[in-house]
Amino acid sequence: MFKIDTFDFAGKKAIARVDFNVPLDENFVVTDDTRIRAAVPTIRKVTENGSIILMSHLGRPKGVTEKYSLKPVISKIEELTGKKVKFATDCIGEIAEKAAADLKPGEILLLENLRFYAEEEKGDKEFAKKLAKLADIYINDAFGTAHRAHASTAVIADFYDDNHKLFGYVMEGELHSLDQVLRSTKKPVTAIIGGAKVSSKITIIENLLQRVDNLIIGGGMTFTFVKAMGGKIGSSLVEDDYIETAKTVIAKAKERGVKLYLPVDSVNADKFAADANVAFSAIDQIPDGWMGLDIGDRTIQLFSEVIERSAVVLWNGPTGVFEMEKFEKGTVEIAKSLVKATVKGAFTLVGGGDSVAAINKYGMETKVSYVSTGGGAMLEFLEGKVLPGVACIPR
Ligand code: AMP
């Protein structure tokens, strides 16, 4: 097992799977460079005395499609690293091989979109072998695609022995943070699971029940639990076919000694709209015609107390419809509690699309311990699944 920080790249060529699947505007200008920025430490480290070949996908092209070319990314990498970037218009074959062979220590080569070949997503061995031919060392630094067994994210690793493959800084950071939560030796560990539906989070909840001390449920999924306990939920979001599942979660939490916290009060709306009328009620007393779109003040207080006395906190999913100003208070206050917990020394991890969007919206992303960029990969990791992009490299 090798750590990138102490690995000697002198005179070596490394091929790194990065995640440059970035948004572009109509003029093909990168509108959010977070993912490119994230890859910079790995690029810098390798090019101290070795050379790096960067490979990524962009979008979902069907065959070679100019619109999905990685060319617009070149100037961003140059801007962020202060180095010139060479570009190969094909990711395999003669063009790529020549460009890789010409690469000198300190230089960067970017390959064209991997997904111009259907073989990439199919995890084709021959295609992976052609990529592997370009370099001596394989680096996986794309956590966002680690849950896929694609040619560049996992299969390619078969063509390198254990001394010639390792994780980049992004991957190391993500795995380290997730381990801090899932294998924590510090207690108590608290998970806040919000978002819209029980159905999309149930596997995570089941896995977390084996690992956390406190489980806080918020957001739209609350109401399936409240209905399961016989409460009145008005026209709030509910998944009737998950009521039994909710009952099982309640029972399992009890059995395992996990403290389950559900909201106690609710901010209700008379329609799902930013200009809805607002009223407040107990979580299990929502009148007909009203729906719960945020947690109330008593709940904020209850949840904040739990969060602020935790040693480790995981937050996935907003506790209300934070996209609408009238229903964002709960999510804002949870974010603030995480920041307070962090100041007190807790390890706080925010992950999963919408909670990341929320923490960024409130400008608190640098005030928590770690914000995961993983999306689907992080969710699968939290579900307890083995990610092909992680399993292919010794840890
Ligand atoms: P998810 O992708 O499952 O994490 O869900 C995130 C979405 O859940 C956000 O767009 C929120 O607006 C939505 N959400 C949160 N709380 C509620 C609620 N009480 N009712 C309906 N939707 C909600």
Side-chain angles (χ1 to χ4, degrees), residues 144 147 191-208 215-229 231-240 242 245-246 249 261-300 303 314-335 338 349-362 371-383:
H147 56 319
I192 309 140
I193 304 296
K197 293 178 170 179
V198 181
S199 52
S200 63
K201 301 279 166 83
I202 185 62
T203 324
I204 295 176
I205 292 175
E206 280 170 352
N207 190 34
L208 289 176
L215 178 62
I216 294 177
I217 302 278
M221 74 174 78
T222 303
F223 304 102
T224 303
F225 283 88
V226 175
K227 190 167 177 184
M229 294 187 300
K232 277 182 63 190
I233 60 163
S235 48
S236 304
L237 191 68
V238 67
E239 289 172 285
D240 282 318
Y242 277 82
T245 309
V249 168
Y261 293 91
L262 285 163
V264 290
D265 58 349
S266 177
V267 180
N268 304 324
D270 58 355
K271 59 180 175 180
F272 190 86
D275 63 349
N277 290 308
V278 174
F280 306 89
S281 75
I283 198 78
D284 56 354
Q285 296 298 328
I286 300 176
D288 289 342
W290 291 79
M291 61 185 81
L293 294 188
D294 195 9
I295 51 175
D297 285 345
R298 281 202 300 130
T299 306
I300 291 173
F303 288 1
L314 163 73
W315 181 27
N316 172 271
T319 53
V321 183
F322 76 104
E323 298 93 334
M324 299 179 195
E325 210 181 324
K326 286 183 180 175
F327 310 108
E328 71 172 349
K329 186 178 174 190
T331 302
V332 177
E333 294 301 322
I334 294 301
L338 254 81
L349 168 62
V350 181
D354 276 319
S355 26
V356 175
I359 200 102
N360 288 340
K361 181 176 173 192
Y362 306 124
V371 178
S372 171
T373 55
M378 179 188 168
L379 297 184
E380 290 198 16
F381 199 98
L382 292 178
E383 286 175 357

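Heads up: numbering here begins at 1 and tracks the sequence. All ligand and atom numbering here is 1-based and tracks the order in the structure. Values below: all heavy atoms of this structure, side chains included; hydrogens, waters and symmetry mates excluded.
Applying the salt bridge (charged side-chain N to carboxylate O under 4.0 Å, His left out) definition to pairs two or more places apart or across chains, those involving residues 264-282 are Lys271-Asp275. Applying the salt bridge (charged side-chain N to carboxylate O under 4.0 Å, His left out) test to residues at least two apart or on different chains, the pairs with a partner in residues 285-298 are Asp297-Lys329.
A side-chain donor-acceptor contact under 3.5 Å links Trp315 to the backbone of Gly317.
Residues meeting the side-chain hydrogen bond (donor to acceptor under 3.5 Å, both in side chains) test with Asp284, sequence neighbours left out: none.
Residues Ile216 and Ile334 have side chains not in contact (no heavy-atom distance under 4.5 Å, counting atoms from C-beta outward).
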Need the list: ligand 1 N/O atoms against protein N/O atoms, distance under 3.5 Å, rounded to one decimal.
unit_1, atom_1, unit_2, atom_2, d
ligand 1, 2 (O), Asp354, OD2, 3.4
ligand 1, 3 (O), Ala196, N, 3.2
ligand 1, 4 (O), Lys201, NZ, 3.0
ligand 1, 5 (O), Ala196, N, 3.0
ligand 1, 8 (O), Ala196, N, 3.3
ligand 1, 10 (O), Glu323, OE2, 2.4
ligand 1, 12 (O), Glu323, OE1, 2.7
ligand 1, 12 (O), Glu323, OE2, 3.4
ligand 1, 16 (N), Gly220, N, 3.2
ligand 1, 19 (N), Gly292, O, 3.0

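Heavy-atom neighbours of Lys197 NZ from other residues, nucleotides or ligands within 6.0 Å: at or below the threshold of 12.
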